[in-house]
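Working notes, structure below.
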Amino acid sequence: MLFAEHSQKPQSLEGSPPKSIDFFMTSERYNPREAEGKWQKKWAERNTFQTDNADPRPKYYVLEMFPYPSGRIHMGHVRNYAMGDVVARYKRARGFNVLHPMGWDAFGMPAENAAMQNKSHPAKWTYDNIATMRGQLKSMGLSLDWSREIATCDPTYYKHQQRLFLDFLKAGLVTRKKSKVNWDPVDQTVLANEQVIDGRGWRSGAIIEQRELTQWFLKITDFAQDLTDSLDDLQRWPEKVRLMQKNWIGRSEGLRVRFALEKNAIAKDSTIEVYTTRPDTLFGAKFLALSADNPLAIEAGKTDPKIQAFIEECRRMGTSVATLETAEKKGVDTGLRVQHPFDPAWQIPVWIANFVLMDYGTGAIFGCPAHDQRDLDFARAYHLGATPVVCPAGQNAAEFEIGATAYDGEGTMINSYFLDGMEIPAAKEEVTRRLESTMIDGKPQGERQVNFKLRDWGISRQRYWGCPIPVIHCDDCGTLPVPVADLPVTLPEDVTFDKPGNPLDHHPTWKNVNCPQCSKAARRETDTMDTFVDSSWYYARFTDPHSSDHPTTKAADHWLPVDQYIGGIEHAILHLLYSRFFARAMKATGHLNVKEPFAGLFTQGMVVHETYRGSDGTWRTPGEIRIDSTPEGRKAFSLSDGSTIEIGAIEKMSKSKRNTVDPDEIIGGYGADTARWFMLSDSPPDRDVIWSEEGVQGASRYVQQIWRLVHEMRELSEGVAMPSGSLDERATAVRKIVHGHLMKVEEHIERLRFNTAIAEIRKMTNALSATIAAITSPDQINSDLRQAYREALDVMIQMFAPMMPHLAEECWAAAGHENLVSEAAWPQLDRALAADDRIVIPVQVNGKKRAELEIEHDADAARVEAEALKLEAVARELNGRTPKKVIIVPKRIVNVVV
RNA sequence: GCCCCUAUGGCGGAACUGGUAGACGCGUCCGACUCAAAAUCGGAUUCCGCAAGGAGUGCUGGUUCGAUUCCGGCUAGGGGCACCA
């Protein structure tokens with residue numbers, strides 16, 4: 001026997017009083033504090049959740065977004081990992097070889113900030129936090145393979161990341177270029193576009209400045225087309241995330257048009273190129289506008305002080321992304337003129353405008369005020385006119401005028417020479433075709449072009465606590481990769497954070513090295529990688545986390561893609577797009593053979609909580625108040641002085657609003673199972689869940705309910721085998737309850753509908769309790785019924801085991817099993833039992849329900865109709881009239897139409 | 001400004017491809033047990049109405065034998081992008 005016999009010694013049935021169910025009841029309550037630690041230890045001893053890569057069963061890889069070791073886990077983690085654990089445990093029971101690993105996204109700014117404050121080392125802070133959080137996760141009873149644990153700050157991890165960087169460099173997927181970057185003045189580092197939110201740093205919240213720096217870039221734009229196209233194949237991703245990525249990548253098809261410049265003293269080129277998605281509106285052109293950073297604009301500024309002043313004004317404005325949002329449309333006429341492509345006599349003025357971006361398209365546009373709001377605003381400010389060239393259906397072309405709003409809808413071409421009368425798509429095609437075949441300056445005047453909003457991913461960060469970029473700068477040999485044999489380039493341990501900026505930059509012995517090529521004095525790259533690089537490939541590393549020679553091995557090909565990935569919607573763009581890029585880049589460099597890392601994605605909602613505010617306006621924690629529920633509503637009072645507390649809005653748990661709940665306290669008080677159960681039960685997993693004390697108490701009550709029910713059923717089924725052959729009516733009814741609900745629970749879990757899966761389990765336990773309550777005397781309990789309860793007991797425990805694993809083990813042992821329910825195979829569903837042979841269907845008259853009809857499930861339409869019409873309530877409604885039509889939807893409904 | 005999502009009892013929510021609206025839970029009320037309380041158990045709980053019955057899924061129009069579900073218009077809340085030509 002594996003375990004000491006369970007202490008519960010249920011009473012014998014003999015001599016028990018009839019009627020009440022009290023005689024079944026155990027006097028002991030289930031004690032999660034004792035049980036949970038015991039089973040966690042047992043799982044660890046038996047390596048229950050360790051996964052063997054060589055296991056021949058079909059694989060299933062379930063992964064939750066790994067945490068940043070910030071200090072302690074929060075309720076969001078509990079929700080995320082509870083969901084993943086249900087999937088992992090369920091799939092394991094269903095016979096899959098499940099990979100369910102955990103690790104730490106361990107590089108990042110907070111460790112440096114803590115180091116500055118506490119004068120300790122970021123590594124110590126990080127590893128201390130990891131130790132704390134690992135303990136907390138273990139107390140949740142997650143079925144994780146801890147032998148695969150990784151931390152991205154560990155040289156055994158980032159060594160391989162440096163190797164990937166060098167391979168990407170060799171493959172041309174890395175560039176170093178001078179560019180305008182988003183500079184976070186608080187964190188003193190660069191941020192990627194994706195990390196700037198509403199003009200502020202995603203972490204610091206500081207207003208972002210624009211600076212020009214030399215940076216390392218990963219060429220995510222090389223895959224822009226495939227990254228957008230492949231979204232269509234990600235069937236098991238939320239539509240919302242795919243759409244957000246699609247918009248972010250921002251593919252557009254248009255035409256690059258060359259306008260011939262009139263002779264002038266400024267321009268070196270004889271044409272100006274613009275990019276447009278609306279070549280159909282070419283005859284509505286009123287001006288060309290250059291970006292202030294356009295080389296031609298800069299050239300023009302050199303000879304004209306007025307233009308120079310305007311460019312400088314734009315630069316000042318451009319230093320803050322936030323100011324762009326409110327900026328008026330402004331510009332200056334360069335005096336340059338271009339020819340209209342289809343009318344050499346038509347001169348168009350060339351302006352410099354503050355709303356034209358240099359890094360999209362060609363840094364120049366043609367303005368069609370009638371059909372583009374920005375162009376219209378600009379044209380109104382400088383009286384450039386707005387001739388409509390597209391007329392909406394139903395409008396008189398001669399009278400159609402543009403007011404304050406540009407018209408960007410469909411319509412017919414007007415005022416447009418040879419395009420007149422065409423619809424927009426035909427006009428686009430016609431202009432494109434004509435300009436493609438006209439040559440100017442030895443090139444076609446128009447060329448089809450696809451543009452993307454997506455920019456290359458700048459990964460240089462001027463920080464210490466990150467993965468060093470493995471590159472050496474030599475004055476003679478240039479920028480050289482660190483030889484692979486010298487990897488990892490480890491971080492120096494003796495650093496100080498007393499000066500602003502990058503500590504690596506102030507560390508002479510680390511920074512100064514010899515050139516790997518010429519051996520002369522050279523300098524290490526002191527930038528480290530954006531921490532999003534660390535999390536862009538960890539899912540692959542988990543498949544063979546201790547391989548020391550290579551980032552990945554054949555195991556990655558076996559396990560990837562991740563079958564089910566679960567995490568927050570906040571990563572819809574950043575992390576998920578970078579990971580998709582990384583998989584492609586790793587495929588291109590031979591490290592992977594898939595390009596999509598996550599076949600299934602699920603984005604969970606947040607954990608939210610009521611807020612509480614005292615009369616003095618200060619926030620109060622849930623622990624500082626007491627709530628009274630009355631028919632008039634809920635009222636809150638201060639525990640310390642009894643004063644009235646205002647119950648505020650339900651908001652995301654945050655330290656500032658003081659509405660957080662500590663997972664440790666919940667797990668310590670109610671047990672992990674109760675926390676997991678409530679977290680999964682109360683809301684659909686993709687929506688926010690409101691954490692409430694009452695809800696947790698309900699879950700806790702249910703744990704005890706199950707404990708009692710298990711003992712009742714154990715009593716009833718003592719010493720009998722599982723059902724075989726057909727049983728009597730009473731017993732079959734019990735079996736039908738079990739299999740009917742088993743089928744539904746399976747469906748709900750497969751679709752990740754944890755809340756409805758839990759409702760189904762509760763329905764089943766309610767129904768089983770009712771059958772037991774209906775037993776009025778012991779002589780009603782025959783061998784058939786005992787067998788049915790024997791099965792019901794096991795199946796019930798297995799059904800809630802993925803959500804409440806500790807309680808399930810305790811019950812499983814109480815039911816007399818010597819193995820672990822975590823290692824047991826999922827019960828075999830009997831579909832015949834799951835289906836009902838008599839069903840109740842509603843009967844409507846003229847679409848209103850008037851009666852119910854109970855009938856065999858396989859009754860044919862004629863019989864259903866005959867029986868329905870016989871019903872008294874139906875006859876009464878008909879009142880002698882003959883039905884015009886009777887609609888019968890098998891097993892669903894009868895509708896009698898009069 | 002553009003794009004997307006959501007709207008169901010006092011509350012969280014359920015209702016597979018159009019087919020009994022309100023499952024399951026929370027809260028509340030009534031009852032049992034108790035000297036009492038807690039815990040536990042049983043019952044009620046969309047609204048109006050004593051009842052028969054009627055109304056009802058944000059508002060509004062449509063398709064249909066039948067609409068929470070599909071289509072059009074609107075309102076409110078939430079999210080994403082944001083001078084991307």
Side-chain angles (χ1 to χ4, degrees), chain A residues 20-22 25 29 197-199 238-241 243-248 250-252 254 274-278 281 289 321 324-325 327 329 353-357 359-362 364-368 371-375 377-378 405 408 451-455 569-570 572-573 629-634 650 678 681-684 687-690 692-699 701-702 704-705 708 744 747-748 751 753 755-763 766 769 773 840-852 883-889 891-898:
Chain A
S20 139
I21 62 154
D22 289 345
M25 280 180 60
R29 287 171 62 80
I197 294 151
D198 291 334
E239 188 56 44
K240 183 184 180 171
V241 174
L243 197 71
M244 280 165 69
Q245 292 213 353
K246 199 150 248 181
N247 290 340
W248 185 265
R251 183 183 189 279
S252 76
V274 306
Y275 173 76
T276 180
T277 54
R278 292 294 302 272
T281 62
V321 177
L324 280 180
E325 292 175 22
K329 302 278 179 292
N354 65 347
F355 66 95
V356 181
L357 304 173
D359 62 355
Y360 185 79
T362 61
I365 60 157
F366 87 80
C368 175
H371 305 291
D372 183 290
Q373 191 60 45
R374 294 157 302 184
D375 297 347
D377 295 344
F378 188 75
T405 314
D408 59 1
N451 263 344
F452 295 93
K453 292 187 200 173
L454 186 68
R455 300 276 87 99
I569 185 78
E570 68 272 21
I573 296 169
S629 288
T630 65
E632 290 77 48
R634 297 161 73 251
I650 294 166
F678 173 62
S681 69
D682 219 41
S683 284
R687 285 209 221 165
D688 292 351
V689 64
I690 303 169
S692 75
E693 190 63 21
E694 294 90 341
V696 184
Q697 281 166 5
R701 274 199 296 277
Y702 186 63
Q704 300 300 339
Q705 255 176 56
R708 283 191 302 276
K744 291 197 171 142
E747 288 166 6
H748 290 306
R751 293 172 51 216
R753 301 281 296 182
N755 57 324
T756 47
I758 282 176
E760 212 55 53
I761 292 172
R762 292 189 89 131
K763 268 190 241 182
N766 290 349
S769 290
V840 176
I841 52 179
V843 181
Q844 296 180 334
V845 178
N846 285 339
K848 276 191 183 284
K849 184 192 160 195
R850 296 296 175 185
E852 284 182 344
K884 220 185 282 175
K885 196 156 120 188
V886 178
I887 289 147
I888 293 165
V889 182
K891 297 181 194 183
R892 284 264 181 228
I893 205 161
V894 179
N895 191 9
V896 182
V897 186
V898 212

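As the structure is a prediction and not an experimental result, all values here were calculated from the model. Proteins get letters first, then strands, A, B, ... in listed order; numbering begins at 1 in each.
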Separation of B:G12 C1' from A:Ile690 CD1 (nearest whole Å): 6 Å
Spacing of A:Glu693 atom CD relative to B:C11 atom C1', expressed in whole Å: 17 Å
Any donor-acceptor N/O pair under 3.5 Å between B:C65 base and A:Lys884 side chain: no
Sugar-phosphate only, base, or nothing, as touched by A:Ile887 at under 4.0 Å among non-hydrogen atoms: base
Pair assignment for B:A7, Watson-Crick or G-U wobble, requiring both distances under 3.5 Å: B:U75
N/O (side chain, A:Arg708) to phosphate O (OP1/OP2, B:A39) under 4.0 Å: no
Approximate separation, where rounding is to 0.5 Å, of A:Glu760 CD and A:Glu747 CD: 9.0 Å
P-based separation of B:U34 from B:G58 [nearest Å]: 48 Å
Nucleotide of B:C81, B:G19, B:A14 approaching A:Gln844 most closely (side-chain heavy atoms): B:G19
Anti/syn call for B:G80, syn if |chi| within 90°: anti
Any side-chain heavy-atom pair of A:Lys453 and A:Trp248 under 4.5 Å: no
Residue A:Ile893, side-chain heavy atoms: nucleotide from B:G12, B:A39, B:U20 that is nearest: B:U20
Nearest listed nucleotide, side chain of A:Arg701, among B:C26, B:A14, B:G19: B:C26
5'-most by nearest nucleotide on RNA chain B - A:His748 or A:Gly847: A:His748
Euclidean distance for P, B:U75 against B:U60 (whole angstrom): 15 Å
Touch class at under 4.0 angstrom, heavy-atom based, for A:Glu747 against every strand present: nothing
Whole-Å gap separating P (B:C2) and CG (A:Leu243): 16 Å
For the student: nearest non-hydrogen atoms of A:Gly361 and A:Tyr275, plus distance: CA-CB, 4.0 Å
Same-atom distance (C1') from B:C30 to B:G79, integer angstrom: 45 Å
A:Glu239/A:Lys246 salt bridge by N-O under 4.0 Å criterion: no
Short side-chain N/O contact from A:Asn766 to OP1 or OP2 of B:G25, under 4.0 Å: yes
Between C1' of B:C81 and NZ of A:Lys240, the distance in whole Å: 13 Å
Span that lies between the P atom of B:A7 and that of B:A14, in whole angstrom: 9 Å
Distance between C1' atoms of B:G73 and B:C26 (Å, rounded): 38 Å
Atom P, compared across B:G42 and B:G77: separation rounded to whole Å: 44 Å
N/O (side chain, A:Arg634) to phosphate O (OP1/OP2, B:G10) under 4.0 Å: no
Touch class at under 4.0 angstrom, heavy-atom based, for A:Val356 against every strand present: base
Sugar-phosphate only, base, or nothing, as touched by A:Val843 at under 4.0 Å among non-hydrogen atoms: nothing
Geometric cation-pi criterion, A:Lys329 with A:Phe355: 6.0 Å, 45°: yes
Mate of B:C2 where both pairing distances stay under 3.5 Å, Watson-Crick or G-U: B:G80
Nucleotide paired to B:G22 in any strand shown, Watson-Crick or G-U, under 3.5 Å: none
A:Asn895 side-chain N/O to A:Gly847 backbone N/O, donor-acceptor pair under 3.5 Å: yes
Inter-nucleotide P distance (B:C71, B:U6), Å rounded: 11 Å
Atom-pair distance (CG on A:Asp372; C1' on B:A82), nearest Å: 14 Å
For B:G31, the Watson-Crick or wobble counterpart (both distances under 3.5 Å): B:C41
Interatomic distance where CZ belongs to A:Arg29 and P belongs to B:C41 [whole Å]: 10 Å
Pairing partner (Watson-Crick or G-U wobble, both distances under 3.5 angstrom) of B:G53: B:C48
Interatomic distance, A:Lys848 NZ vs B:A21 C1' [rounded to whole Å]: 13 Å
